[in-house]
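For reference, the structure discussed in these notes is given below.
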Amino acid sequence: MAATALVAGCATGNGGSTSGASGNTLTLWTHNAGNSAELDVVKKIIKEFNGSQSKYKVKVQALPQSDYNNSVVAAASARKLPCLLDVDGPNVANWAWGGYLSPIEVSGSQVPLSDQLASTVGRYKGKLYSFGFYDVALTFFARKSVLNKYGIRIPTMDRPWTKNEFDSALAKLKKSGKFQYPLEMGTGGSGEWWPYAYSPQLGSFGGDLINRDGYKTASGTLDGKNSLEWAMWFRSLVTNGYMAKKSGADPNKDFLAGKSAIQWDGSWNAAKNADKLGNDLVIIPPVDFGHGPKIGGASWQWAMSSTCSNKAGAQAWLKFSRQTRYFVDYAKATGTLPGTEAAAQQVDGYQSGGKFNELVQFARKYAAVRPVTPAYPYISTEFQKAAQDVLAGADPRNALSQAAKDIDNNLKTNNYYSG
């Protein structure tokens with residue numbers, strides 16, 4: 001989920017030099033240089049597309065995820081973007097506004113957009129810019145045996161934990177003396193993990209990163225009453241000794257070793273946890289802090305650059321890729337959630353009644369996309385700084401107020417990202 005924050009200059013997306021295609025050969029960029037499992041699926045689709053017709057040829061260039069966004073920004077400035085590229089869902093609005101992307105047309109493909117999880121489709125100002133094959137879902141993992149031992153109710157989607165129940169459970173686990181920190185929330189993570197993991201909890205408190213009515217201000221929302229309640233609760237997890245200010249390098253490993261009782265983590269570790277813990281593993285829905293359970297939504301998606309000189313070829317590849325079997329391939333290779341119900345029925349554990357189907361339901365019912373505004377990368381950075389400051393002991397009101405002011409200044413400086 002990590003994504004380097006960027007603030008694009010509002011470049012013109014049409015005219016000037018074009019790139020990404022040489023004759024009928026189109027270049028595709030992906031962030032998967034260090035992820036052979038996902039990269040192999042991309043290569044498979046490209047190979048089968050190239051073999052299915054003779055008009056276009058796609059070639060792949062894989063970049064490291066840590067450098068990917070900066071590489072895209074640099075290439076966009078030089079008007080040297082490839083025809084096809086993947087984009088982390090929260091950045092779609094920024095890249096579309098910045099002139100990096102062109103709207104796409106995929107009607108007539110095997111999988112209708114309406115069949116996809118809403119969080120796997122990227123739109124900005126009413127236009128389709130991207131789609132993904134999968135999403136991921138946040139969840140709490142725990143051991144049934146531990147919860148039962150301390151008389152803690154195992155929640156369900158019909159009856160998730162309330163804030164009071166959750167706080168009470170953590171108090172019991174802390175009092176037991178068995179856990180230095182009963183809760184593991186991945187606070188050693190960085191970058192996009194922070195808004196992805198914690199802003200849905202902020203949302204469940206009734207707060208938000210920005211006022212989504214027009215996306216013109218964060219003041220009164222990010223530093224409002226409900227957001228402040230979240231920040232004070234978030235800080236209390238540290239002051240009460242429930243959670244480490246900064247977790248270790250491998251939080252999931254610590255959970256599996258029994259160092260923590262409850263872990264806030266992603267669906268990507270579900271299969272590994274089940275292999276280790278068997279039937280003792282329990283997958284728990286997010287806490288309802290008063291405004292409904294929420295998790296982050298939107299992962300990596302495919303798009304077409306505005307400077308592509310062979311848009312017909314790029315859209316042909318995008319349409320070809322939209323086959324149920326590829327949705328299945330991605331999910332199986334990466335341990336992610338299939339982007340359609342038809343694909344989920346073909347992935348062991350994720351089909352109806354499967355041991356991981358709850359995670360698909362979480363993505364369908366609880367996913368909240370991060371603010372769909374070109375300002376999002378800046379908002380992401382400011383929220384991470386504020387949340388880290390709160391955990392480090394800063395006054396929550398001051399931290400949120402400063403973040404809201406800085407976001408408002410960014411919005412004003414960029415003319416509220418109009419155009």
Side-chain angles (χ1 to χ4, degrees), residues 3 6 8-33 38-39 41-63 65 67-109 111 113 120-133 300-323 326 374 419:
L6 54 122
C10 193
T12 302
N14 300 303
S17 62
T18 58
S19 62
S22 177
N24 284 333
T25 298
L26 295 82
T27 300
L28 173 150
W29 277 11
T30 175
H31 71 288
N32 284 311
E38 187 166 348
L39 182 57
V41 178
V42 177
K43 289 178 176 178
K44 176 183 178 181
I45 298 173
I46 289 172
K47 181 180 179 181
E48 294 184 357
F49 171 75
N50 289 344
S52 72
Q53 44 75 50
S54 56
K55 192 172 183 180
Y56 310 112
K57 182 180 179 182
V58 174
K59 63 177 184 179
V60 65
Q61 184 174 346
L63 288 75
Q65 181 171 332
D67 300 328
Y68 184 77
N69 287 342
N70 289 335
S71 298
V72 169
V73 173
S77 298
R79 305 191 67 75
K80 291 184 178 179
L81 280 172
C83 268
L84 295 157
L85 66 164
D86 55 7
V87 51
D88 199 8
N91 289 335
V92 170
N94 182 276
W95 290 12
W97 166 82
Y100 302 0
L101 307 179
S102 270
I104 57 175
E105 171 57 62
V106 295
S107 59
S109 53
V111 176
L113 284 169
T120 64
V121 177
R123 291 187 172 90
Y124 177 61
K125 290 194 171 181
K127 295 180 180 179
L128 175 69
Y129 281 93
S130 63
F131 66 84
F133 290 86
W300 289 88
Q301 301 174 6
W302 289 100
M304 176 175 69
S305 73
S306 58
T307 50
C308 175
S309 61
N310 194 338
K311 288 186 169 64
Q315 297 205 119
W317 184 84
L318 290 169
K319 284 186 180 181
F320 177 87
S321 73
R322 295 180 54 74
Q323 300 182 47
Y326 296 139

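Only heavy atoms go into these numbers, but all of them, side chains included; no hydrogens, no water, no symmetry mates. Quantities reported herein were computed from a predicted structural model and do not represent experimental measurements.
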Is the backbone of [Y] close enough, under 3.5 Å, to the side chain of [X] for a donor and an acceptor to pair up by distance?
X: N310; Y: N24; result: no
X: S130; Y: A303; result: no
X: N50; Y: V58; result: yes

From [X] atom [atom1] to [Y] atom [atom2], the distance as rounded to the nearest 0.5 Å:
X: N91; Y: W97; atom1: CG; atom2: CH2; result: 12.5 Å
X: L26; Y: C83; atom1: CG; atom2: SG; result: 4.5 Å
X: W300; Y: E38; atom1: CH2; atom2: CD; result: 9.0 Å
X: Q301; Y: I104; atom1: CD; atom2: CD1; result: 9.0 Å
X: Y100; Y: S306; atom1: OH; atom2: OG; result: 10.0 Å
X: K43; Y: N32; atom1: NZ; atom2: CG; result: 10.5 Å

_Option among Q315, Q323, R322, K319 that satisfies the side chain to side chain donor-acceptor pair (under 3.5 Å) test with S109_ =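 When Q315, Q323, R322, K319 are each tested with S109, the side chain to side chain donor-acceptor pair (under 3.5 Å) holds only for R322.
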
Does any part of the side chain of [Y], heavy atoms only, come nearer than 4.5 Å to the side chain of [X], both counted from C-beta?
X: Y56; Y: F49; value: yes
X: F320; Y: Q53; value: no
X: L85; Y: L101; value: yes
X: W317; Y: M304; value: no

*Looking at the rings of F131 and F133, which for Trp means the six-membered one, are their centres under 6.0 Å apart?*
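That pair passes the under 6.0 Å test.
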
*Would you check, one step at a time, whether the test side chain to side chain contact (heavy atoms under 4.5 Å, CB included) holds for V42 with W302?*
CA-CA 11 Å; V42 177; W302 289 100; 3.9 Å; yes

*Under 3.5 Å side-chain donor-acceptor pair for D86 and Y68*: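 Yes, a side-chain donor-acceptor pair sits under 3.5 Å.
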
For [X] against [Y], the heavy-atom pair lying closest together:
X: T27; Y: Q61; value: CG2-OE1, 4.3 Å
X: A75; Y: W29; value: CB-CH2, 3.6 Å
X: S102; Y: K311; value: OG-CE, 3.2 Å
X: S305; Y: L81; value: CB-CB, 3.9 Å
X: P374; Y: Y124; value: CG-OH, 3.3 Å

*Answer yes or no: does atom NZ of K55 have more than 12 heavy-atom neighbours from other residues, nucleotides or ligands under 6.0 Å?*
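Atom NZ in K55 is not crowded, with 12 or fewer foreign heavy atoms closer than 6.0 Å.
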
*Dump the intermediate steps for side chain to side chain contact (heavy atoms under 4.5 Å, CB included) on D88 and W95, then the final yes or no.*
CA-CA 10 Å; D88 199 8; W95 290 12; over 6 Å; no

